[in-house]
2 protein chains.
Amino acid sequence: MSLRHALLAALSQGEASGYELAKRFDVGVAEFWSATPQQLYRDLERLEQDGMVSARVVEQSRRPNKRVFSLTAAGREELRAFTRRPAKPPAMRDEFLVQLQAVDLTDPGAAVEAAATRRERARQKLAGYDQLRERMLAGRGETEFYAESSQVGPYLTLMAGRMYEQLNIRWATTVIETLTRRGESAPAADGE
Amino acid sequence: MSLRHALLAALSQGEASGYELAKRFDVGVAEFWSATPQQLYRDLERLEQDGMVSARVVEQSRRPNKRVFSLTAAGREELRAFTRRPAKPPAMRDEFLVQLQAVDLTDPGAAVEAAATRRERARQKLAGYDQLRERMLAGRGETEFYAESSQVGPYLTLMAGRMYEQLNIRWATTVIETLTRRGESAPAADGE
DNA sequence: CACACCTATTCAATTTGTTGAGTATAGGGG
DNA sequence: CCCCTATACTCAACAAATTGAATAGGTGTG
């Protein structure tokens, strides 16, 4: 229901095209909301019909033209109203945790590999977030930044993303160690 | 798509009724997958049709009868196959992060309250997880547990849940502090 | 003894989300 | 010059999730 609001929030940081938003949602904003390009285009369409965003075609010479969306007054008002409503508790969908839940009835090798993949992914996302953080801070310390900037919101959500990926790295490491140690002491057994 | 597998994984820890699973998914298993009761009942139905689980009616004297589901051999095999496939990257849906992203164009008071709510919720979930952990460890140390138990999977996912709630507490605290400090130095302004 | 609340589940309608393909232009490498 | 990749979208079909209500017996409270 509130991909719409996630879009409005993303656009509150400045106008963007559907394609740009798609990349942000696929890569970056996945910190707090995930969606496929098709969803974004569809919902942008609807937001436009509802007068929450307005589109403007930007002619480009060396690439296809694009439609750039920005918030309207109504959109900004809707977003404000949304921020005043209590938020639903966060929802997670994590296949790896499901797999791990059932690890005791399988070969743990696959889980160890999956944990390594997860850790690697987390490292890359963290690196990306760190770069973004440097850009946002622009040489300032955190305290200065908090005092000066009008972008505290994005910074705080970025920090949530960073902390989450740091957690993933630590946790994946203990998963790997635990399952590996177990695998050594009881090679291919399954049982208490 | 893989609520089915989440159900199979939950049932791999022992049989349960739809209602019991609904509570687990609402409260506990929300660590890694979230779903409403209706979804569970529907998917249990389908899993039964597909021969992945079998149902058995348990007559109860002082409450309505219930149907208790357990894994079949086919279900266990499907679960094993699932654990060997690569997992999709985790997906998050976090309304509060969306709200916070847009905090710079609103009164931060609402966000501070929401952060406090989040922190309180996290504390309660953490307390629940800690109790569950005590029960799983049953007086043993972690090292012993890892060596002895056939429940390493659930323990590791529980640890993920614990770490996640600890993160929420820490993060919500910095959000509250940051926004409060800002609110003091610039009472009701909105700008750089 | 009425009323709210808990167990335990089902039905129907609607909204969201996913998958896969298809269109079109441009730039770079071999 | 062909193919691959990137930009920038659109369409259609399907699967999954959400919302709201309904049913129905039992328990505890005032």
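All chains are named by letter (A, B, ...) in the order of the sequence lines, taking the proteins before the strands, and each is independently numbered beginning at 1.
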**Asked** Between C:dA8 atom P and B:Leu40 atom CG, what is the distance in whole Å?
**Response** 15 Å
**Request:** Could you check B:Val68 against B:Ala91 and say which one's nearest nucleotide on DNA chain C is further toward the 5' end?
**Result:** B:Val68
**Candidate list B:Glu48, B:Glu15, B:Glu59, test salt bridge (Lys or Arg N to Asp or Glu O under 4.0 Å), partner B:Arg67, passing option** = B:Glu48
**Complete:** Among the nucleotides C:dT10, D:dT10, D:dA6, whichever has the atom closest to the side chain of A:Arg67 is D:dT10
**Request:** Scan A:Arg42 against the nucleic acid and name what it touches under 4.0 Å (heavy atoms): base, sugar-phosphate only, or nothing.
**Result:** base
**Prompt:** To the side chain of B:Arg93, which of D:dT18, C:dT18, D:dA16 is closest?
**Reply:** C:dT18
**Asked** Does a salt bridge link A:Glu20 with A:Lys66, judged by any charged N lying under 4.0 Å from a carboxylate O?
**Response** yes
**Between P of D:dA16 and CZ of B:Arg4, the distance in whole Å** = 8 Å
**Request:** Measure from CG on A:Leu3 to P on D:dA16 and round the result to the nearest Å.
**Result:** 20 Å
**Request:** For B:Leu44 and C:dT9, give me the distance from atom CG to atom P, rounded to whole Å.
**Result:** 9 Å
**B:Gln13 versus B:Gln151, side-chain donor and acceptor atoms under 3.5 Å** = yes
**Prompt:** Taking atom P of C:dT16 as reference, at what distance in whole Å does atom CG of A:Leu47 sit?
**Reply:** 11 Å
**Message:** With a cut-off of less than 4.0 Å, is there a side-chain N or O of B:Gln38 near OP1 or OP2 of C:dT10?
**Reply:** no
**Prompt:** If two hydrophobic side chains count as joined below 4.5 Å and joins carry through other members, does A:Leu8 share a cluster with A:Tyr19?
**Reply:** no
**Under 4.0 angstrom between A:Ser17 side-chain N/O and D:dC9 OP1 or OP2** = yes
**Request:** Would you mind classifying the nucleic acid contact of B:Gln60 as base, sugar-phosphate or nothing, using non-hydrogen atoms under 4.0 angstrom?
**Result:** sugar-phosphate
**Message:** Expressed as a whole number of angstroms, how long is the span from B:Tyr19:OH to D:dG25:C1'?
**Reply:** 13 Å
**Item:** Nearest-angstrom distance from the residue atom CZ of A:Arg46 to P of C:dT15
**Value:** 8 Å
**Prompt:** If only side-chain N and O atoms of B:Lys23 are considered, is one of them under 4.0 Å from the OP1 or OP2 phosphate oxygen of C:dT7?
**Reply:** yes
**Item:** Whether B:Phe82 and B:His5 hold their rings parallel, tilted or perpendicular, with breakpoints at 30° and 60°
**Value:** parallel
**Request:** Could you state the atom-to-atom distance from CG of A:Asn65 to C1' of D:dT7 in whole Å?
**Result:** 11 Å
**Prompt:** When all nucleic acid strands are considered with a 4.0 Å heavy-atom cut-off, which category describes A:Asp43: base, sugar-phosphate, or nothing?
**Reply:** nothing
**Message:** OP1 or OP2 of D:dT10 versus the side-chain N and O atoms of A:Tyr41: is any pair under 4.0 Å?
**Reply:** no
**Request:** Could you tell me whether the phosphate oxygens of D:dT19, OP1 or OP2, come under 4.0 Å of any side-chain nitrogen or oxygen in A:Lys88?
**Result:** yes
